[in-house]
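Right, one structure below, let's go through it.
All chains are named by letter (A, B, ...) in the order of the sequence lines, taking the proteins before the strands, and each is independently numbered beginning at 1. Keep in mind that this is a model prediction, so the values were computed, not measured.
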2 protein chains.
Amino acid sequence: MKRLELTQLFREAKAYGGKTVTVCGWIRTLRSSKALGFIELNDGSCFKNLQVVFQDGQVGNFKEITKLNVGTALSVEGEVVLTPEAKQPLEIHAASISVEGTSSPEYPLQKKRHSMEYLRTIAHLRPRANTFNAAFRVRSVAAFALHRFFNENGFVYAHTPIITGSDCEGAGEMFHITTLDAENPPRTEDGQVDYSKDFFGKKTSLTVSGQLNAESMALAFGKVYTFGPTFRAENSNTPRHAAEFWMLEPEIAFADLNDNMDLAEAMLKYAIRYVLDNCPDEMAFFNNFFDKGLIERLEGVASADFARCTYTEAIELLEKNKDQFEFPVFWGCDLQTEHERYLTEKVFQKPVFVTDYPKEIKAFYMRINDDGKTVAACDLLVPGIGEIIGGSQREERLDVLTARMAELGLAEEDYEWYLDLRRFGGTKHAGYGLGFERLIMYITGIPNIRDVLPFPRTAGSAEF
Amino acid sequence: MKRLELTQLFREAKAYGGKTVTVCGWIRTLRSSKALGFIELNDGSCFKNLQVVFQDGQVGNFKEITKLNVGTALSVEGEVVLTPEAKQPLEIHAASISVEGTSSPEYPLQKKRHSMEYLRTIAHLRPRANTFNAAFRVRSVAAFALHRFFNENGFVYAHTPIITGSDCEGAGEMFHITTLDAENPPRTEDGQVDYSKDFFGKKTSLTVSGQLNAESMALAFGKVYTFGPTFRAENSNTPRHAAEFWMLEPEIAFADLNDNMDLAEAMLKYAIRYVLDNCPDEMAFFNNFFDKGLIERLEGVASADFARCTYTEAIELLEKNKDQFEFPVFWGCDLQTEHERYLTEKVFQKPVFVTDYPKEIKAFYMRINDDGKTVAACDLLVPGIGEIIGGSQREERLDVLTARMAELGLAEEDYEWYLDLRRFGGTKHAGYGLGFERLIMYITGIPNIRDVLPFPRTAGSAEF
């Protein structure tokens with residue numbers, strides 16, 4: 001059996017007119033009268049369904065076919081008939097239909113409107129529903145777009161480790177990993193759990209960021225990026241947080257904060273453009289059913305210049321409208337999502353980089369500015385979401401970095417290798433992190449992170 | 001400062017002849033006489049070094065430069081001088097040199113031969129050494145080649161979860177994940193650790209395979225692949241095993257074992273061809289220093305048809321030479337690396353798929369053949385390595401699958417969602433797993449998995 005994928009059939013519709021082909025897929029809908037039936041078939045190769053027309057007398061098992069349940073897998077041989085007057089460009093007139101895998105009336109994904117909450121309970125089947133079929137294809141296409149962007153620009157893809165022996169990456173609560181028997185772990189003489197007997201000979205955790213390792217790679221290759229799963233053991237039950245999510249972290253040497261922002265802007269525009277160009281059906285679906293202004297907004301982002309303003313300027317802008325906010329605004333405060341969205345949606349009305357944050361609210365490795373108060377950080381805020389990218393120029397000056405670590409009570413011996421990167425050819429460098437799910441939420445308009453992750457892991461939930 | 005990357009300078013050498021450019025990079029070697037100096041500069045954008053010539057009187061800080069240590073980061077402005085008679089196509093005559101980041105005599109990567117074991121102790125710096133610079137670039141290029149291959153062929157990239165609530169994926173020992181206090185975990189009334197209080201409300205582990213989730217995605221999209229980190233908590237201190245490694249797992253619907261092998265063969269040839277074409281300097285290095293026959297062998301693999309034979313035929317072939325093996329050969333035995341290598345290196349002298357293994361030595365989800373004794377499995381064996389790919393057609397028949405699970409004592413309730421994939425449109429499908437590090441070892445000739453992973457995690461070791 002040589003099966004023709006629907007994506008190819010639709011792409012080269014005219015060439016297939018009048019030809020006999022074999023297609024395979026799953027029944028989305030089926031309706032029939034006495035001697036005539038119609039099946040909407042989807043094979044997952046594209047968003048569109050194919051209309052299969054079958055007639056008694058033409059297919060031997062007409063009766064059997066009319067009784068099939070939604071979700072059944074079929075193989076259909078038939079003639080491609082072009083239908084230029086109809087909504088769909090073509091249909092197939094079946095000569096034979098064979099059942100590849102049955103379904104049943106208990107199929108949980110019957111043709112009707114299901115709540116997103118219900119669909120999460122059938123995560124193993126929901127990729128067959130339009131929303132998730134579109135979301136996970138966009139996710140795949142966006143991931144490829146990012147790989148392509150960095151590849152075209154000469155970056156090395158660095159596989160930084162998931163398991164880390166450091167529990168001081170400083171970006172959030174961590175999951176611990178162990179092979180010790182939790183019921184009865186080995187103990188040291190003073191009664192503590194003896195991690196020297198654990199698999200790695202010490203306490204280990206799931207990484208919260210590949211950045212420190214990526215810096216090591218950037219100071220060898222010049223330009224690198226990581227792209228992989230990242231973890232936060234934060235018990236925050238919000239639509240924006242998952243315990244396991246994908247993060248993309250580029251790191252560039254001989255580069256400062258402006259180079260960093262130029263890179264982030266070019267990358268984001270490239271990814272958005274690529275998805276718009278390569279997922280027109282999926283994006284039209286999201287535009288129709290999730291957010292009527294979606295495509296227009298994304299087209300705008302892909303072509304506009306992003307704004308840039310300092311944190312200090314941003315605070316001034318926000319203070320003028322402080323009555324609009326739940327959280328107080330003052331120099332030194334961490335920006336809340338309401339502040340971020342106000343800046344990007346009301347003030348600038350486009351994506352905006354906010355730079356040079358107070359050092360107290362940012363990580364130890366960010367480069368101290370000449371004012372001694374702020375660091376060379378840059379967060380990118382986008383309409384509808386708020387922060388989507390967080391980055392900084394890294395502190396490359398050994399003395400400044402160790403002084404900052406001492407201020408924060410970080411032990412130098414935990415960071416010896418990281419400090420080595422400053423001792424030996426530690427040129428200026430910068431990087432950022434893009435929360436990949438945030439990007440997919442932004443591109444699709446899907447408001448909950450649980451619906452852009454195929455099998456989401458959140459507090460209390462690790463099903464499938 | 002607009003820096004020119006060395007890869008571009010070398011690629012368009014002629015166009016840059018006579019031009020003034022700025023390059024940045026790290027000193028690999030430096031030698032100087034009274035008034036003339038030479039620096040080999042590497043910026044990580046390519047394997048090649050650039051020769052920088054600097055003269056007293058031409059650069060203001062000649063004395064300072066001559067005293068710099070290996071590993072120092074520099075910015076060099078100067079004229080590109082084409083040198084068609086020399087080994088290198090061009091050099092730069094410096095007009096000015098500025099120090100971007102100093103190094104010191106303690107730099108652990110002095111210009112001399114270091115053992116691979118020593119270099120592992122400086123994993124944060126070793127990407128600057130030729131072997132690792134080449135290995136991790138090949139790794140990056142091969143990863144991109146795989147993404148490109150699957151993208152060009154219409155696959156959806158599926159991000160399957162790392163954290164799993166199932167500890168019965170059956171592919172190996174697992175790491176456990178927890179946020180409970182190991183010193184004093186909450187306990188149930190009967191004194192057991194109370195995992196209902198753990199982050200996910202139950203016991204969770206690091207995945208050993210994304211396959212079961214990938215099957216769910218394949219039965220919606222038709223063709224998917226996963227590519228991400230995978231974990232085995234096996235205390236095996238061998239050159240071929242790491243606790244954390246990357247695996248690529250395609251899964252295709254409406255496809256059988258032959259389709260699966262066709263895909264694996266096409267993918268492997270594509271990846272090898274892509275690396276040979278895009279990493280000529282790196283591959284020449286490996287051919288010279290690791291394995292003189294490397295490129296010739298890979299060229300052969302990329303162009304030859306792979307052989308196929310059944311396990312039963314393979315056992316017959318091996319039994320004829322059983323005196324050559326340490327481990328006994330008999331129908332029903334698991335093939336050892338020595339057997340695998342004998343088949344691919346001596347008997348077939350090219351990559352060979354061995355198919356239809358006894359069901360007893362394969363996983364529960366593999367499709368039972370009509371003989372009732374063997375399963376539709378396919379392992380790809382390659383010269384120099386042995387098994388590099390393991391795959392199978394999956395058992396799509398619900399009754400056969402549940403009977404097999406009962407035989408093996410697997411509880412149906414642990415696999416309800418997986419069985420649903422057979423209840424609802426469960427067409428025939430197949431897939432395989434490629435150990436990505438095995439592929440990189442195969443392509444580079446590097447014999448130890450610790451040296452193709454940037455920051456390897458193995459029993460007793462999770463440094464950096």
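Both the backbone and the side chain of B:Leu219 come within contact range of chain A, judged by heavy atoms closer than 4.5 Å. For A:Asn151, the part lying near chain B is the side chain, with the backbone staying farther off; criterion is any non-hydrogen pair under 4.5 Å. Heavy atoms closer than 4.5 Å to chain B are found in the side chain of A:Pro229, but not in its backbone. Heavy atoms closer than 4.5 Å to chain A are found in the side chain of B:Ala143, but not in its backbone. Contacts of A:Arg148 with chain B are made by both backbone and side-chain atoms, with heavy-atom separations under 4.5 Å. For chain A, the nearby parts of B:Thr178 are the backbone and the side chain; heavy atoms of each come within less than 4.5 Å. With a threshold of 4.5 angstrom between heavy atoms, A:Arg423 approaches chain B through N, CA, C or O but not through any side-chain atom. The part of B:Ala123 that comes within reach of chain A is its backbone (N, CA, C, O), which places non-hydrogen atoms under 4.5 angstrom from that chain. Contacts of A:Glu244 with chain B are made by side-chain atoms alone, with heavy-atom separations under 4.5 Å and no backbone atom involved. Proximity to chain A is limited to the backbone of B:Phe132, based on heavy atoms less than 4.5 angstrom apart. With a 4.5 angstrom heavy-atom cutoff, A:Leu180 does not touch chain B via any of its atoms. If you measure heavy-atom distances from A:Phe150 to chain B, you find no contacts under 4.5 Å at all. At a 4.5 Å heavy-atom cutoff, A:Ala158 makes no contact with chain B through either its backbone or its side chain. Proximity to chain B (any heavy atom under 4.5 Å) is shown, for A:Ala233, by both the backbone and the side chain. Only the backbone of A:Ala218 comes within contact range of chain B, with heavy atoms under 4.5 Å apart. Looking at A:Ser196, there are no atoms closer than 4.5 Å to chain B (heavy atoms on both sides), in backbone or side chain. Using a 4.5 Å cut-off between heavy atoms, A:Phe436 touches chain B through its side chain atoms alone. In this structure, chain B has a heavy atom under 4.5 Å from the backbone of A:Thr72, while its side chain stays farther away.
Note that the OG1 atom of A:Thr458 and the CD1 atom of B:Ile163 stand 10.5 Å from one another [nearest 0.5 Å]. Put simply, CG on B:Asp181 and NE2 on A:His176 are 9.0 Å apart, with the number rounded to the nearest 0.5 Å. In this structure, NZ on B:Lys428 lies 7.0 Å from SG on A:Cys24, to the nearest 0.5 angstrom. If you take NZ on B:Lys2 and CG on A:Asp259, they are separated by 8.5 Å, rounding to the nearest 0.5 Å. Interatomic distance, B:Thr160 OG1 to A:Leu453 CG, rounded to the nearest 0.5 Å: 11.5 Å.
Between B:Glu5 and A:Lys223 there is a salt bridge, since at least one side-chain N of the basic residue sits less than 4.0 Å from a carboxylate O of the acidic one.
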*Go through the steps to decide whether B:Phe455 and A:Ser216 satisfy the test side-chain contact (heavy atoms from CB on, under 4.5 Å), and finish with yes or no.*
CA-CA 10 Å; B:Phe455 304 94; A:Ser216 151; 3.6 Å; yes
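Closest of all the heavy-atom pairs between B:Met217 and A:Pro127 is SD-CG, 3.7 Å. B:Phe424 and A:Leu125 get closest at one heavy-atom pair: CD1-CD1, 4.2 Å. Contact detail for A:Phe144 and B:Phe144: the closest heavy-atom pair is CE1-CE1, 4.4 Å. In terms of heavy atoms, A:His124 sits closest to B:Asp420 at NE2-OD2, 2.8 Å. B:Ala220 approaches A:Trp26 most closely through the heavy-atom pair O-CZ3, 4.0 Å. Closest approach of B:Thr427 to A:Ala73, counting heavy atoms only: CB-CB, 3.8 Å.
Among B:Gly228, B:Cys46, B:Gly201, B:Gly426, the residue making the largest number of heavy-atom pairs under 4.5 Å with chain A is B:Gly426. No other option in B:Thr7, B:Val156, B:Asn42 has as many heavy-atom pairs under 4.5 Å with chain A as B:Val156. Contacts with chain B were tallied for A:Ser45, A:Ser104, A:Gly191; A:Ser104 has the most, counting heavy-atom pairs under 4.5 Å. Ranking B:Arg187, B:Glu416, B:Arg422 against chain A, the residue ahead of the rest is B:Arg187, based on heavy-atom pairs under 4.5 Å. Taking chain A as the reference chain and counting heavy-atom pairs below 4.5 Å, the highest number among B:His147, B:Arg137, B:His159, B:Arg128 is found for B:His159. Between chain A and the options B:Ser140, B:Ala129, B:Gly25, the largest number of non-hydrogen pairs under 4.5 Å is found for B:Ser140. Heavy-atom pairs under 4.5 Å with chain B peak, among A:Phe199, A:Phe231, A:Phe136, at A:Phe199. Of the listed residues (B:Val224, B:Asp43, B:Val193), the one with the most heavy-atom contacts under 4.5 Å to chain A is B:Val193. In terms of heavy-atom pairs under 4.5 angstrom with chain B, the leader among A:Ser103, A:Gly101, A:Pro161 is A:Pro161.
A 6.0 Å sphere centred on NZ of A:Lys202 holds more than 12 heavy atoms belonging to other residues, nucleotides or ligands.
Relative orientation of the A:Phe200 and B:Phe175 rings is parallel, given thresholds of 30° and 60° on the angle between their planes. Relative orientation of the B:Trp417 and A:Phe464 rings is perpendicular, given thresholds of 30° and 60° on the angle between their planes.
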